[in-house]
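For reference, the structure is listed below as structure tokens.
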2 protein chains.
Amino acid sequence: MVEQKIRLSVDAVVFGYEEGVISVLLIKRKYDPFKGKWAIPGGFVLNNESLETAVERELQEETGVKINYLEQLYTFGDVERDPRGRVVTVAYVGLVRPNTFKIFASTDASQVQWFTIDKLPELSFDHQKILHTAIARLQAKITYEPIGFELLDKKFPFSDLEKLYTTLLGRPIDRRNFRKKILGLNVLDELDKKVSKGSGRPANLFQFNQKRYFQLKKEGIIFEI
Amino acid sequence: MVEQKIRLSVDAVVFGYEEGVISVLLIKRKYDPFKGKWAIPGGFVLNNESLETAVERELQEETGVKINYLEQLYTFGDVERDPRGRVVTVAYVGLVRPNTFKIFASTDASQVQWFTIDKLPELSFDHQKILHTAIARLQAKITYEPIGFELLDKKFPFSDLEKLYTTLLGRPIDRRNFRKKILGLNVLDELDKKVSKGSGRPANLFQFNQKRYFQLKKEGIIFEI
DNA sequence: CCATATTGTGTATAGTGTACACAAATATAG
DNA sequence: CTATATTTGTGTACACTATACACAATATGG
């Protein structure tokens, strides 16, 4: 058998959410190929690190991001996807709270920037395909797993959650029914604190109760919007 | 940077269904490591073939199976998963109609055999984990994608479909409601033919209409059990 | 204090899911 | 040939869930 000449990389589509806008974290490539073009952060896997570790390391190195939630998306292995030769990449989806750290470019990245998902620049490699797959996954998944909370502050007013869902699903949601449904799932704790931003009645803060969620999940109760 | 020493393989969990029994196709390994032990069929990816091609080739080589439906499952990359060194594997799920071909062992396999999924032998590598992931995927997916038909003959009596679902979901289904729901989805053509096996009233044959399914899917109508 | 903005809340109706039983058409045993 | 067993095919009533919808409460800003 001929020696295998396939290299393995990981890439991470990192989503963030702030004030009604979903963004994705991209880097500007410092080196060829695609030097000066935007790309999903990622890089080659080291011999003795797991795929998840590789993703977290590359993200830390290139962007300064510390990931909050990470899941494997899909493995892209088209023969011609990388001009340097055969590179198979395991893509991940990450969720972060952008306000909890500062991004900075380093190593392979000359710039790091948040792009709102409907104003994306041209991307390197097959990264557009990966990004679209990631968006589809995120949209599908928030309807049956409580991952939306990973994008919000730990304590959030209900309207934030509602705005997140309308944004992600791209369609209006009935405010009363949505609230009824989510609260009916019994995975949110209502706090005593209130918060007011600008004018309007102050909102109660809520917090996702992960422990209760796992308990309910074990009992077979499913999260569904 | 140190040279990357990671090898890439593909594996396929192939499911078949016959007469109320879900089986999975396993091979007995001819060579070390795990010589003489059962394993999921698979092997190393060639430099110039896509991942899907690699799966199909390995399956053909080792078992003689021609796959009917194939989807990527998950990529397993634990550092210690292969005693030969670092091997990352992209696992796939395949569905076949076992009665449409004859299996035979060759190349790396000394034996090929169908195992019913509740009587599995001890497996090599992390293949048990992969297999369980695949079973979970199959169970979940038949409830929201019409993949069950890939396991049945092209023309089938309704009771076959019903039995497949009760088997896969592991719980009884109300016969009338199930029929109502499936036929209401409007993706089955009722044929004029009848078939009788043993005693009992002969059954009408049905056929999955893929074209209509894709049409409906495009219109936003979703398959759901 | 008045206008504006945002949060918080209940009910009626339509639609969907679920439980349930018996007749029709064949094979088989006697 | 007849009786029995076996499998298919079908409808309705009820419970539950999803959906549509409007107004009062509490703040801010001029």
Side-chain angles (χ1 to χ4, degrees), chain A residues 18-21 142-144 148 152-153 155-167 169-207 216 219-225, chain B residues 18-21 142-144 148 152-153 155-167 169-207 216 219-225:
Chain A
E18 249 173 338
E19 319 214 348
V21 179
I142 54 158
T143 68
Y144 64 88
L152 300 177
D153 293 336
K155 301 173 183 185
F156 56 88
F158 207 90
S159 54
D160 273 17
L161 188 65
E162 185 203 325
K163 207 180 290 172
L164 171 66
Y165 270 83
T166 46
T167 306
L169 298 177
R171 57 180 164 81
I173 295 180
D174 184 285
R175 208 156 51 87
R176 272 182 288 189
N177 293 338
F178 182 70
R179 186 177 180 118
K180 205 191 311 174
K181 195 161 188 177
I182 298 276
L183 292 183
L185 294 171
N186 219 24
V187 293
L188 289 190
D189 293 333
E190 186 162 5
L191 306 175
D192 252 359
K193 280 185 189 167
K194 292 188 191 300
V195 68
S196 65
K197 37 180 179 183
S199 71
R201 176 173 172 173
N204 244 313
L205 288 179
F206 289 84
Q207 186 165 355
L216 290 171
E219 294 167 12
I221 286 130
I222 54 166
F223 181 91
E224 203 188 357
I225 303 301
Chain B
E18 250 173 335
E19 320 214 349
V21 179
I142 54 159
T143 70
Y144 65 87
L152 300 177
D153 293 336
K155 299 171 184 186
F156 56 87
F158 208 88
S159 53
D160 274 16
L161 187 65
E162 187 203 324
K163 206 180 293 172
L164 171 65
Y165 270 83
T166 46
T167 306
L169 298 178
R171 57 180 165 82
I173 295 180
D174 184 285
R175 209 156 52 89
R176 271 182 287 190
N177 292 338
F178 182 70
R179 186 176 180 118
K180 206 192 309 173
K181 195 159 187 179
I182 297 277
L183 292 183
L185 295 171
N186 219 24
V187 294
L188 289 190
D189 293 334
E190 186 161 6
L191 307 175
D192 253 357
K193 279 185 187 166
K194 291 188 193 299
V195 68
S196 65
K197 37 179 178 183
S199 72
R201 178 173 172 173
N204 245 313
L205 288 179
F206 289 84
Q207 186 166 356
L216 290 170
E219 294 167 12
I221 286 129
I222 55 166
F223 181 91
E224 202 188 358
I225 304 302

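Lettering of chains follows the sequences in order, A, B, ..., and the numbering in each one begins at 1.
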Please report the shortest heavy-atom distance between B/Glu224 and B/Lys181, naming the atom on each side.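 Distance-wise, the nearest heavy atoms are O-CE, 3.4 Å.
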If you take all heavy atoms of B/Gly148 and B/Leu164, which pair is closest and at what distance?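 What the structure gives for the nearest pair is O-CD2, 3.4 Å.
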Does any residue of residues 179-197 of chain A have a heavy atom under 4.0 Å from DNA chain C, and if so, which ones, in number order?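 Heavy-atom contacts with DNA chain C come from A/Arg179, A/Lys180.
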Selection: residues 156-166 of chain A, any non-hydrogen atom under 4.0 Å of DNA chain C: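 Only A/Ser159 qualify.
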Of A/Asp174 and A/Gly198, whose closest DNA chain D nucleotide lies nearer the 5' terminus?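 By nearest-heavy-atom nucleotide position, the 5'-most residue is A/Asp174.
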Could you walk me through whether B/Leu188 and B/Phe158 pass the side-chain contact (heavy atoms from CB on, under 4.5 Å) test, one step at a time? CA-CA 10 Å; B/Leu188 289 190; B/Phe158 208 88; 3.8 Å; yes
Would you grab the first and last nucleotide of DNA chain C (5' to 3') that comes under 4.0 Å of any non-hydrogen atom in chain B?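 Range of nucleotides within reach of chain B: C/dG17 to C/dA27.
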How close or far is atom C1' of D/dT7 from atom CG of B/Asn204, stated in whole angstroms?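 My rounded result for the distance is 13 Å.
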Less than 4.5 Å apart, side chain to side chain, heavy atoms only: is that true for [X] and [Y]?
X: A/Phe178; Y: A/Thr166; value: no
X: A/Val21; Y: A/Glu19; value: no
X: B/Pro157; Y: B/Leu205; value: yes
X: A/Ile182; Y: A/Phe206; value: no

Polar side-chain atom of A/Tyr165 near backbone of A/Ile142 as donor-acceptor pair, under 3.5 Å: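 Between the backbone of A/Ile142 and the side chain of A/Tyr165 there is a qualifying donor-acceptor contact (under 3.5 Å).
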Taking B/Asp153 for the side chain and B/Lys155 for the main chain, is one N or O donor matched with an acceptor at less than 3.5 Å?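 Flag not set: sc B/Asp153 to bb B/Lys155 has no pair under 3.5 Å.
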Looking at CD1 of A/Ile225 and CD1 of A/Ile173, how far apart are the two atoms once the value is rounded to the nearest 0.5 Å?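 Taking CD1 in A/Ile225 and CD1 in A/Ile173, the distance rounds to 8.0 Å.
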Let me confirm one number: the CG-CD distance from B/Leu152 to B/Glu18, rounded to the nearest 0.5 Å.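 Here the rounded value is 11.0 Å.
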Contacts of type side chain to side chain contact (heavy atoms under 4.5 Å, CB included), residue A/Glu219, not counting sequence neighbours: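 Side chain to side chain contact (heavy atoms under 4.5 Å, CB included) list for A/Glu219, sorted by chain: A/Gln215, A/Leu216, A/Ile221.
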Strictly by side-chain hydrogen bond (donor to acceptor under 3.5 Å, both in side chains), give each pair with a member in residues 187-198 of chain B just once, sequence neighbours left out.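 Only B/Asp160-B/Lys197, B/Asp189-B/Asn209, B/Asp189-B/Arg212, B/Glu190-B/Asn204 qualify under side-chain hydrogen bond (donor to acceptor under 3.5 Å, both in side chains).
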Taking only nitrogen or oxygen atoms into account, show me every contact under 3.5 Å that the protein makes with nucleotides 23-25 of chain D, one pair per line with its distance.
| unit_1 | atom_1 | unit_2 | atom_2 | d |
| --- | --- | --- | --- | --- |
| D/dA25 | N3 | A/Arg201 | NH1 | 3.4 |

Residue mapping more 5' on DNA chain C - nearest nucleotide basis, A/Gly200 or A/Arg176: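 Mapping each residue to its closest nucleotide by heavy atoms, the 5'-most match is A/Gly200.
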